[in-house]
Amino acid sequence: MVMNPSKAQDVWKDAGEHVQFTVLELNRKDQAKEQEAIQEFVDRYQAIIRSLRIRDNNGNLKTSLGFSSDAWDYLFPNAPKPKELEPYQTLSGEKYTMPATKGDLFLHIRANDEAVVYELLRQCRLFLKDFTTVIDETKGFRYFEGRAIIGFIDGTEAPQVEDAAHYTIIGDEDPFFENGSYAFAQKWRHHMDIWNQLTTEDQEKAVGRKKFSDLELEDHEKFANAHNVASQATINGVEQKIVRMNVPYSDPVAGNTGTYFIGYSRYWKVTKTMLENMLKKNDYLLSFSDILSGQLFFIPSRPLLDKIADGELN
């Protein structure tokens, strides 16, 4: 096999205009029936996507479906397992914590039209409702100029789209799972009143970039725990990259505003190292944020989804 981005799910480009993240838990009442149900769902899921791309050919529909470590063990107990797929465990630093939360199945849907997102998930629910329970549904959106809700351009440190596949898609280091990816999903709630009390200059020092132009500050101009310093990962002397498709979410009148972090990577250890560094260095963004959820999912390639649908992995 050879790494082929066309065989991957939509894990390496386009954060989207209208976005929804859905995390589900298997009911675990009848393993055999739930294995059969997931086979049917995976088959129907791919058909639903094909149909919606025909029905709305300008919708730019992008999707990914993933499984947690526990879900993989339950649904495919006799199948091989991705090398780095493990249950995410709560990470803790001196001041802050990144909690692990429930989640077996993960859906990341985005499109230019909210109606397409709605219709895909409405149809998916027909096949999921009898054997899963909803853990979280979060609607995200593209903020002005693709900025994070805190006002800064998001994703600047991500690889260029031409290079992104190499950083997100598993290669021949794990041949059975080639063209798959590891997705880490994490929901942040921000205390915007605290953030907005900072001057623009201090906000720039906290992020490590200019707010308007997005130019990176010189190291001596940043806070020691600036986000673009704390979130770096260097392994064997080489700076690592992942693809982030973070989006804001908000119920503005209720004051419930935050960021849904989603990082796709070829190697889970890269994302995990970034998270550990953020805790070790007390990333400034953590000082006005609560992390509500976190879980690791494996995103199979489309050919592997076909094998799941055909019952070849049980």
Side-chain angles (χ1 to χ4, degrees), residues 9-11 16 18-49 52 61-77 79 81-82 85-90 99-111 114 116-140 180-188 245 247 249 258 260-264 268 291-302 304-305 308-309 311 313-314:
Q9 294 192 62
D10 297 314
V11 299
H18 298 273
V19 186
Q20 182 154 334
F21 301 94
T22 301
V23 178
L24 304 166
E25 185 177 32
L26 295 164
N27 291 340
R28 288 179 169 77
K29 293 181 178 179
D30 186 321
Q31 186 177 18
K33 285 186 177 180
E34 289 175 14
Q35 288 172 322
E36 291 176 6
I38 203 69
Q39 290 169 28
E40 180 181 10
F41 166 66
V42 169
D43 185 42
R44 297 293 190 121
Y45 166 75
Q46 296 183 96
I48 293 167
I49 293 169
L52 284 172
L61 176 62
K62 298 285 190 295
T63 71
S64 60
L65 166 67
F67 302 86
S68 70
S69 176
D70 288 346
W72 193 271
D73 292 341
Y74 182 76
L75 294 169
F76 318 119
K81 189 172 182 179
L85 182 60
E86 62 181 11
Y88 172 65
Q89 304 290 333
T90 294
T101 50
K102 292 181 179 180
D104 288 320
L105 306 181
F106 176 69
L107 284 161
H108 177 195
I109 313 298
R110 61 261 195 213
E114 174 66 20
V116 177
V117 177
Y118 164 79
E119 184 62 16
L120 191 153
L121 288 163
R122 184 192 71 81
Q123 292 191 31
C124 285
R125 183 178 182 275
L126 298 175
F127 303 96
L128 291 168
K129 62 184 176 66
D130 292 334
F131 68 99
T132 63
T133 300
V134 177
I135 298 298
D136 181 72
E137 286 188 293
T138 300
K139 285 188 177 298
S181 185
Y182 295 99
F184 182 71
Q186 194 177 55
K187 188 173 181 178
W188 293 51
M245 297 188 196
V247 291
Y249 70 89
Y260 203 103
F261 169 84
I262 173 67
Y264 289 105
W268 159 233
I291 298 182
L292 306 180
S293 66
Q295 190 52 261
L296 172 67
F297 301 94
F298 171 68
I299 312 295
S301 66
R302 293 188 299 105
L304 189 54
L305 286 179
I308 291 172
L313 264 66
N314 286 358

Would you mind reporting whether [Y] and [X] have side-chain heavy atoms less than 4.5 Å apart?
X    : Y    : answer
L128 : L105 : yes
I109 : L61  : yes
C124 : R44  : no
Q295 : F106 : no
I38  : T132 : no

Any salt bridge linking [X] with [Y]? Criterion: basic side-chain nitrogen under 4.0 Å from a carboxylate oxygen.
X    : Y    : result
D10  : R110 : no
K33  : E36  : no
D136 : K102 : no

Take atom CZ in R125; do more than 12 heavy atoms of anything else shown fall under 6.0 Å from it?
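Atom CZ in R125 is not packed in, count stays at 12 or less.
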
Below 30° counts as parallel, above 60° as perpendicular, anything between as tilted: where do the rings of F76 and W72 land?
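The rings of F76 and W72 stand perpendicular, inter-plane angle above 60°.
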
Can you tell me how the ring of Y88 sits relative to the ring of W268, calling it parallel under 30°, perpendicular over 60° and tilted otherwise?
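Ring orientation of Y88 relative to W268: perpendicular.
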
Take K139 and E114 through the side chain to side chain contact (heavy atoms under 4.5 Å, CB included) test and state the conclusion after the steps.
CA-CA 10 Å; K139 285 188 177 298; E114 174 66 20; 2.8 Å; yes

Taking the ring of Y260 and the ring of F21, is the distance between their centroids below 6.0 Å?
yes

Polar side chain donor-acceptor pair, Y74 to E34, under 3.5 angstrom
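Present: a donor and an acceptor within the cut-off.
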
Begin with the C-alpha distance, continue with both residues' side-chain angles, and end with the deciding distance and a verdict on side chain to side chain contact (heavy atoms under 4.5 Å, CB included) for F297 and L107.
CA-CA 10 Å; F297 301 94; L107 284 161; over 6 Å; no

Both conditions, 6.0 Å and 45 degrees, for the charged tip of K187 above the ring of Y249: are they met here?
yes

Start with the C-alpha gap between K81 and D73, add the side-chain angles, then the distance that decides, and say whether side chain to side chain contact (heavy atoms under 4.5 Å, CB included) holds.
CA-CA 8 Å; K81 189 172 182 179; D73 292 341; 3.0 Å; yes

Go through the steps for Y264 and I299 under the test side chain to side chain contact (heavy atoms under 4.5 Å, CB included), then give the verdict.
CA-CA 9 Å; Y264 289 105; I299 312 295; 3.9 Å; yes

Could you walk me through whether Q35 and Q39 pass side-chain hydrogen bond (donor to acceptor under 3.5 Å, both in side chains), step by step?
CA-CA 6 Å; Q35 288 172 322; Q39 290 169 28; over 6 Å; no

